[in-house]
Each structure stands twice: as C-alpha cells, then as structure tokens.
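These notes concern the structure reproduced below.
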Amino acid sequence: MMSLLDALATSPEPATLKQLATDTELHPSTAHRILAAMTQARFVERQDSGAYRLGIRLLELGNIVKSRINLREVALPYMQQLHEVIGEAINLGTRHDDDIVYLERTSSGRSLVRVVYLVGGRAPLHLTSLGKLFLAAEGPQKVRDYAKRTGLPGKTPHSLTSLEALEKELDKVRRHGIAYDDEEAELGLKCVAAPIHDDEGHIVAALSVSAPADRHDPDWAAQVRRTADAVSQALGYTGHKR
C-alpha cells in the first residue's frame with residue numbers, strides 16, 4: 001500500500017494499473033486488489049478511464065496532522081542538539097505584526113552580556129537577525145511600508161535606522177539566505193539566523209545563535225542553516241514553495 005501511495009505521489013498525472021504495477025514491482029492482480037481497498041477507504045480515487053490518483057482522505061488526514069503540529073515542540077530537540085555542539089544560546093522566534101516574538105531559548109549559561117530578549121519577549125524586526133529574515137521575504141513596497149510605520153528606531157550605534165541601509169542589508173539576506181545582527185540590538189552581542197519554512201514554503205519562524213561578539217564564530221552560519229533546514233523538513237517542507 002505504501003509503495004502504491006509513493007508511486008501515485010510521484011506521478012504528475014493519474015496512473016494506470018499497469019504503470020503502478022511496474023513502478024512498485026507488484027503483480028497486477030495484487031496491485032489491483034490493494035488499490036480497490038484503498039479506493040473504498042478514499043485514499044485513492046479511480047477515474048472513469050480506469051486510472052488512479054491520490055484521494056481526498058489523504059488531504060483530510062494531512063490537515064489534521066498539520067493542525068496538531070506544535071512549532072516549538074518540533075524545533076526544540078534540534079535546538080538542543082545545536083546548543084550542545086556550539087555551546088551558545090539558540091533562539092527560536094516568529095513574526096507577530098512588526099515584531100519578532102521569542103518562542104524558545106536555550107541559555108549558554110556563560111554569557112556576561114545581558115540578554116534583553118527572553119522567551120515571550122518582542123523586538124522590532126529590523127533590529128534582529130530573526131526579524132530580518134521575515135523582512136527579506138517581503139517585497140520592496142512592504143519593506144518601505146514597515147519603515148514608514150515603525151520609523152526604524154535604533155538601540156545601538158550599529159542599528160539600521162535608515163531605509164537605504166535596511167534595504168541594502170536585506171538584499172544580502174536574500175542572496176545568502178542567512179541574516180546577521182552585528183551588535184544592532186545590544187552592544188557586545190552578535191547573532192546569526194536562518195529561516196524555518198512550513199510545508200507550503202512560507203517562513204513561519206527562524207533560528208539564531210546569539211553570543212558575545214568576541215566569541216562569535218563565522219562557521220555557525222552553516223550550522224544554523226542546517227538545523228533550520230532540518231526543522232523545516234520536519235514541518236513538511238520539501239524545498240519548494242507551493
């Protein structure tokens with residue numbers, strides 16, 4: 001049954017019994033018997049032409065699974081693994097209006113820098129590596145609208161407080177798929193972040209590593225990206241936007 005479901009999932013058009021039997025290496029009579037049971041259960045639909053395609057029951061079950069996915073619960077094990085490797089704070093955040101909201105954080109336990117944004121805290125999008133990823137996913141007009149609404153307030157001398165500087169930074173984020181906070185939210189603290197996508201390819205959250213500037217390691221970018229990609233895959237992301 002699973003072989004037939006996989007074969008139907010990879011076929012862009014309804015598939016014939018002969019094609020499915022060939023693809024799954026099942027005897028045609030065996031494939032036909034299983035397909036009949038799957039059709040009865042609405043996992044498969046049989047068309048008038050005799051060809052088969054995936055059924056509506058799979059969509060119903062998929063929506064149930066999707067509604068029960070808890071982003072924080074999915075991401076936390078990956079965050080902990082990354083924390084064990086890097087030894088610095090790992091942050092999970094999502095967008096709410098014009099802010100990043102921090103959903104989870106693993107503390108390094110050895111930072112002397114005061115961390116302003118804890119779990120449940122909020123920060124303007126343009127001041128954080130997490131927030132820049134969400135802004136980079138927006139079109140130019142929406143970025144301009146954001147700048148107009150917020151006025152791009154700064155927290156440190158390094159904060160991006162002009163539209164020109166922000167657009168230049170977001171262009172880098174789009175090219176590299178990684179965002180940085182270079183002491184822009186807090187002096188002495190640097191962050192690097194990568195996006196988390198849902199099953200439809202939309203950015204729903206982001207992961208970052210934050211650490212004192214003197215401990216920041218350029219190699220963290222690749223590690224954060226791999227971890228964020230793993231969380232995305234766990235959420236059903238296949239690498240393409242639907």
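Sequence positions, counted from 1, serve as the residue numbers for this chain.
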Legend entry - Hydrophobic cluster membership, I178 vs L133, 4.5 Å side-chain cutoff: no
Inset, instruction - Identify the two heavy atoms, one from V74 and one from A234, that lie closest to each other, and give their separation to 0.1 Å. - result: CG1-CB, 3.7 Å
Inset, instruction - Side-chain contact test, heavy atoms from C-beta onward, threshold under 4.5 Å: evaluate it for L163 versus V143 and give yes or no. - result: yes
Inset, instruction - Any chance you could measure I90, atom CD1, to L76, atom CG, to the nearest 0.5 Å? - result: 11.5 Å
Inset, instruction - Check for a donor-acceptor pair, side chain of T22 on one end and backbone N or O of K18 on the other, with a separation under 3.5 Å. - result: yes
Legend entry - Pairwise side-chain contact, L125 with R95, heavy-atom cut-off 4.5 Å (strictly under): yes
Legend entry - From L189 atom CG to H216 atom NE2, the distance as rounded to the nearest 0.5 Å: 10.5 Å
Legend entry - Main-chain N/O of P14 paired with S11 side-chain donor or acceptor, under 3.5 Å: no
Inset, instruction - Please name all residues satisfying side-chain hydrogen bond (donor to acceptor under 3.5 Å, both in side chains) with Q47, sequence neighbours left out, ordered by chain then number. - result: none
Inset, instruction - Please round to the nearest 0.5 Å and tell me the distance separating atom NE2 of H83 and atom CE of M79. - result: 10.0 Å
Legend entry - Inter- and intrachain pairs under side-chain hydrogen bond (donor to acceptor under 3.5 Å, both in side chains), touching residues 23-33, at least two apart: H27-S29
Inset, instruction - Might you point out which heavy atoms bring R105 and S210 nearest each other, and give the distance in Å? - result: NH2-OG, 3.9 Å
Legend entry - Reference residue V192; test side-chain contact (heavy atoms from CB on, under 4.5 Å); the match among D217, D182, V224: V224
Inset, instruction - Not counting sequence neighbours, which residues clear salt bridge (Lys or Arg N to Asp or Glu O under 4.0 Å) with E169? List them please. - result: K132
Inset, instruction - Check for a donor-acceptor pair, side chain of T10 on one end and backbone N or O of A7 on the other, with a separation under 3.5 Å. - result: yes
Legend entry - All ring pair (Phe, Tyr, Trp, His ring centres under 6.0 Å) counterparts of Y180, not counting sequence neighbours: none
Legend entry - Under 3.5 Å side-chain donor-acceptor pair for D181 and T128: no
Inset, instruction - Name all residues meeting the salt bridge (Lys or Arg N to Asp or Glu O under 4.0 Å) criterion together with E13; count only those two or more places apart in sequence or in a different chain, and write none if there are none. - result: none
Inset, instruction - Using a 4.5 Å cut-off on heavy atoms from C-beta on, say whether the side chain of Y237 contacts that of D199. - result: no
Inset, instruction - For residues V204 and I196, determine if any side-chain heavy atom of one lies less than 4.5 Å from a side-chain heavy atom of the other. - result: yes
Inset, instruction - Linking directly or through intermediates, with side-chain heavy atoms under 4.5 Å: list the remaining ILVMFWY members grouped with L59, chain and number order. - result: I56
Inset, instruction - Could you tell me whether the side chain of D198 and the main chain of E200 form a donor-acceptor pair under 3.5 Å? - result: yes
Legend entry - Co-membership, hydrophobic cluster, residues L8 and L58, 4.5 Å side-chain: yes
Inset, instruction - Of all the heavy-atom pairs spanning Y102 and A123, show the shortest one and how long it is. - result: CE1-CB, 4.3 Å
Inset, instruction - List the atom of A75, the atom of L92, and the distance in Å for their closest heavy-atom pair. - result: CB-CD2, 3.9 Å
Inset, instruction - Decide, yes or no, whether a salt bridge links E184 with K155 under the criterion of side-chain N to carboxylate O below 4.0 Å. - result: no
Legend entry - Atom pair CD1 (I86) and CD (E88), whose distance is rounded to the nearest 0.5 Å: 8.0 Å
Inset, instruction - Quick one: list whatever passes side-chain hydrogen bond (donor to acceptor under 3.5 Å, both in side chains) with D229, sequence neighbours left out. - result: none
Legend entry - N/O donor-acceptor pair under 3.5 Å between T227 side chain and Y78 backbone: no
Inset, instruction - Give a yes or no on whether F134 and L166 share a hydrophobic cluster (residues Ile, Leu, Val, Met, Phe, Trp, Tyr; joining criterion: side-chain heavy atoms under 4.5 Å apart). - result: yes
Legend entry - Note: D171-R175 ion pair, threshold 4.0 Å (strictly below): yes
Legend entry - Main-chain N/O of D99 paired with D97 side-chain donor or acceptor, under 3.5 Å: no
Legend entry - side-chain hydrogen bond (donor to acceptor under 3.5 Å, both in side chains) partners of R226, counting only residues at least two apart: none
Legend entry - Exceeds 12 heavy-atom contacts within 6.0 angstrom, atom CD of E60: yes
Inset, instruction - Nearest 0.5 Å please: distance from the CD atom of E104 over to the CG atom of L207. - result: 10.5 Å
Legend entry - Check: L187 and P157 side chains under 4.5 Å, non-hydrogen atoms: yes
Legend entry - salt bridge (charged side-chain N to carboxylate O under 4.0 Å, His left out) between E138 and R174, worked out: CA-CA 10 Å; E138 302 270 46; R174 295 184 187 104; over 6 Å; no
Inset, instruction - Determine, using the 4.5 Å side-chain heavy-atom cutoff (strictly less than), whether L4 and F43 are members of one ILVMFWY cluster. - result: yes
Inset, instruction - Using side-chain hydrogen bond (donor to acceptor under 3.5 Å, both in side chains) as the criterion, list what pairs up with D98, not counting sequence neighbours. - result: R149
Legend entry - Distance-only side-chain donor-acceptor flag, D219 / Q223, under 3.5 Å: no
Legend entry - Gap between atom CD of E73 and atom CG of L103 - 0.5 Å precision: 12.0 Å
Inset, instruction - Please list, chain by chain and in numerical order, all residues satisfying salt bridge (Lys or Arg N to Asp or Glu O under 4.0 Å) with E167, sequence neighbours excluded. - result: none
Inset, instruction - With sequence neighbours excluded, tell me which residues meet salt bridge (Lys or Arg N to Asp or Glu O under 4.0 Å) with R46. - result: none
Legend entry - Over all atoms of both residues, closest heavy-atom pair of S232 and P195: OG-O, 4.0 Å
Legend entry - Heavy-atom pair with the smallest gap, counting every atom of P153 and T161: C-CG2, 4.2 Å
Legend entry - Validation row: L235, H197 side chains within 4.5 angstrom (heavy atoms): no
Legend entry - Within-4.5 Å side-chain heavy-atom neighbours: E183 and K190: yes
Legend entry - Y146: ring pair (Phe, Tyr, Trp, His ring centres under 6.0 Å) partners, not counting sequence neighbours: H126
